[in-house]
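Okay, so here's the structure we're looking at.
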Amino acid sequence: MFRWAIIFAVVAVIAALLGFGGVAGLSAGLAKIFLIVAVVILVLGFLFGRGTRVH
């Protein structure tokens, strides 16, 4: 997810530099959504853990 967020952020920056406002806005919005989803999954992974714990 973080990879997709970075990719869309880079596309947004390049599109903004080239003057494509609509594409830049859409890419920035998608990057923001992917980043939020990735952070939520990361936090849930830390809270609930994965696999079995050995004590």
Side-chain angles (χ1 to χ4, degrees):
M1 280 293 173
F2 286 117
R3 181 182 218 174
W4 284 106
I6 292 170
I7 289 171
F8 278 110
V10 169
V11 169
V13 170
I14 292 172
L17 290 175
L18 295 175
F20 298 110
V23 175
L26 178 65
S27 295
L30 288 173
K32 196 180 300 185
I33 290 169
F34 278 124
L35 183 64
I36 292 170
V37 169
V39 168
V40 167
I41 291 172
L42 181 71
V43 169
L44 289 175
F46 278 128
L47 289 177
F48 296 110
R50 292 183 52 184
T52 59
R53 295 182 183 163
V54 178
H55 292 280

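These numbers come from a predicted model, not from an experiment. Counting begins at 1 with the first residue of the sequence.
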Are Val13 and Leu18 connected in the hydrophobic side-chain network, where two residues link if heavy atoms are under 4.5 Å apart?
-> no

Shared ILVMFWY cluster between Ile33 and Val10, side chains joined below 4.5 angstrom?
-> no

side-chain contact (heavy atoms from CB on, under 4.5 Å) assessment of Phe34 paired with Ile7 = CA-CA 10 Å; Phe34 278 124; Ile7 289 171; over 6 Å; no

Roughly how far apart are Leu30 CG and Trp4 CH2, rounded to 0.5 Å?
-> 10.5 Å

Decide whether Ile14 and Leu35 are clustered together by the hydrophobic rule: side chain heavy atoms of Ile, Leu, Val, Met, Phe, Trp, Tyr closer than 4.5 Å, transitively.
-> no

Of all heavy-atom pairs linking Val11 and Ser27, the shortest is CG1-OG, 3.3 Å

Between Ala28 and Ala12 the two heavy atoms that sit nearest each other are N-CB, 3.6 Å

Same cluster for Val40 and Leu47 if Ile/Leu/Val/Met/Phe/Trp/Tyr side chains link at under 4.5 Å?
-> yes

Minimum heavy-atom separation for Phe8 to Ala31, with atom names?
-> CB-CB, 3.7 Å

